[in-house]
Protein chains: 2
Amino acid sequence: MSRQPTLKQLRYLCAVAEHGHFGHAARACHVSQSTLSAGILELESTLGTPLVERSHRQVLLTTLGADVVRRGRDILRDVEDLVTLCDAASEPFAGKMRLGVIPTVAPFILPRLLNRLREQHPGFQLFIREDLSQHLVDALHHGELDVLLLALPFPADSVETMNLFSDEFLLASPPGHGLAGNGKVRTEQLKGEGLLLLEDGHCLREHALEACKLRGSDVSVPYQATSLNTIVQMVANGIGITLLPRMAVDAQILSGTNVCVSEFTGRNVSRTIGLMWRRKTPRRAELRLLGEFVQGCHTE
Amino acid sequence: MSRQPTLKQLRYLCAVAEHGHFGHAARACHVSQSTLSAGILELESTLGTPLVERSHRQVLLTTLGADVVRRGRDILRDVEDLVTLCDAASEPFAGKMRLGVIPTVAPFILPRLLNRLREQHPGFQLFIREDLSQHLVDALHHGELDVLLLALPFPADSVETMNLFSDEFLLASPPGHGLAGNGKVRTEQLKGEGLLLLEDGHCLREHALEACKLRGSDVSVPYQATSLNTIVQMVANGIGITLLPRMAVDAQILSGTNVCVSEFTGRNVSRTIGLMWRRKTPRRAELRLLGEFVQGCHTE
DNA sequence: TCCAACGATCGCTTTTGTCGATCAAACTTA
DNA sequence: TAAGTTTGATCGACAAAAGCGATCGTTGGA
């Protein structure tokens, strides 16, 4: 296999095309005339064809040379673009980022988050994937995602996490229910009450159980409940009670229903929302900034 | 100004992206692992941003790194294309060529020439410009054209010419004219006959006069005759007589008219058709082949 | 006929590229 | 827990190249 032309040689050739004069082209490239001359010669040797027609009054391009210059200019511009891209991307919130979010968080924080990002960092492109925690962690490890927004803790190797805020669990019950509307509730009262939770795989299920010191046998799993909205509809229809994260209630998940909510008393009954990224990511600084940004979206 | 990335570095990066492993990528690039590693490192330094996330089980690309790979692949492909272009163009009749032709030759030889070229050298792109000899010579010197097909001799510096064939002048006269239809004619008989020729600037005018040993004062210049077809119409209408190159007559320029043609006797009354190119053109061999090709078109 | 302009070439120095060997970190295995 | 593997980074030495100033050869012009 023969040698490939180099970008430097293409730059030399384009300079010659522009100036029509080896000496001037050399000055424009900040090299000596001999260097540029040798570069052009080597390029011609590499391509196996003359590109420049040397005469003493003027330097003309071969037909083919003109074609090479045309393509060469495009190539050099593409390389410039590539450098520019990297320059722009090296500052935070300026490039692309792929974020994975769990379904029990996404609908309640993404609208505000994306709006604010668009306002404050217009150059930032955030791609979203919504999936179960385990799928997100797998994707993170495969390099398909850069960062996850999920409920912690969640077991994963070779990652770092950043706790953002605590998200309290509230009890949601139909109006006539014994636990409804009586001020604060203790978690012990939930036993035997037919608690409705999301199907297996949703971390909210495990986190809610753990926060309330319950076991799976205390829960009646509803048929194919894949979203909190479905569960709310079931509660509104008197099928049972459930635990809702405060961010869902704050995001008006109960609007249009008559479902009652009660806070828990005593212990801290909540899950923790945080970010997770690969331990070796080169964007840790930027990711921490993103974490602070999400915090700002939640508290304000 | 900072350093620019090199094609080699982009190749290394793309190989790493493909293999997900420095060692395998190095083998694919036929370099040692240390060389490839250093290349990637330098590219990252040049671009001022990490592109590859190194862990011991797998090598992942940064989001930005994936973008760079995507653009890098395009750039490398463009360079490959450029090389391919030159490879294809280095063999004769395979690239582009710009040919200038004078108006008194173009209509009579180009149809056949272009047809045969298209048949026998499908990859050959011949661009045509039709203009007066002097304009063509200027364009040749400016590098706008690669070769001219014209009547020789024509004064020009720093050029080489190649005679292709001789093109006889024939006398064209209206049916009732005294010189018409009487076999061969002598050039001396033309004096005072009101010879119609193209306007000034057409070399056919000078060549015809010279071939017949006439002077400009022997000719009545018709009003705005810019093509031989116009002249033929004037002859057909009895306005005068003219000299036509045989190639025009052979190309049926007289079809549909009642104009008579006579050959000249005695001396050689003709012009010479040939090619002209810049003395320093790098395509001389190909141009000579083109000349032979044109000869073939004319004689067969 | 000499001169000026221009690109090619030469000899030399500096820089860069490359390699093998080795290091350091992180998993794996015993 | 400790040795062993794997992997990318680093080091030292050498070779290749890139680059420069000086000079040459050619070509037009004065």
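Labels below follow one simple rule: chain letters A, B, ... track the order of the sequence lines, proteins then strands, and each chain is numbered from 1.
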The answer to which of E44(B) and S158(B) contacts DNA chain D further toward the 5' end, by nearest nucleotide, is E44(B)
Mapping F22(B) and L36(A) onto DNA chain D by nearest heavy atom, which one lands closer to the 5' end?
F22(B)
Note: [X]-[Y] ion pair, threshold 4.0 Å (strictly below):
X	Y	answer
R129(A)	E144(A)	yes
R278(B)	E160(B)	no
D78(B)	R71(A)	no

Nucleotide [N], atom [atom2] - distance to [atom1] of [X] in whole Å:
X	N	atom1	atom2	answer
L51(B)	dA9(D)	CG	P	12 Å
E53(B)	dT7(D)	CD	P	17 Å
I40(B)	dG17(C)	CD1	P	14 Å
R27(A)	dC6(C)	CZ	C1'	13 Å
R278(B)	dT27(D)	CZ	P	16 Å

Closest of dG8(D), dG7(C), dC19(C) to the Q33(A) side chain is dG7(C)
Quick one: does [X]'s side chain have a donor or acceptor within less than 3.5 Å of a partner on [Y]'s backbone?
X	Y	result
T46(B)	E42(B)	yes
Q33(B)	A26(B)	no
H135(B)	E130(B)	no

Within the structure shown, what part of the strands sits under 4.0 Å from G39(A) by heavy-atom distance: base, sugar-phosphate, or nothing?
nothing
Would you mind classifying the nucleic acid contact of L41(A) as base, sugar-phosphate or nothing, using non-hydrogen atoms under 4.0 angstrom?
sugar-phosphate
Reckon H21(B) has a side-chain N or O less than 4.0 Å from the OP1 or OP2 of dG8(D)?
yes
Under 4.0 Å between a side-chain N or O of S37(B) and OP1 or OP2 of dT18(C)?
no
Whether F165(A) and H298(A) hold their rings parallel, tilted or perpendicular, with breakpoints at 30° and 60°
parallel
Where does the angle between the aromatic ring planes of H121(B) and F124(B) fall among parallel (under 30°), tilted (30 to 60°) and perpendicular (over 60°)?
perpendicular
In numerical order, the residues of residues 60-69 of chain B whose heavy atoms come under 4.0 Å of DNA chain C are none
Any N or O donor-acceptor pair under 3.5 Å from the base of dG19(D) to the side chain of S34(A)?
no
Its contact letters, B for base, S for sugar-phosphate only and - for none at protein heavy atoms under 4.0 Å, make nucleotides 13-18 of chain D read -----S
Could you tell me if the side chain of F127(A) sits less than 4.5 Å from the side chain of M97(A), heavy atoms only?
no
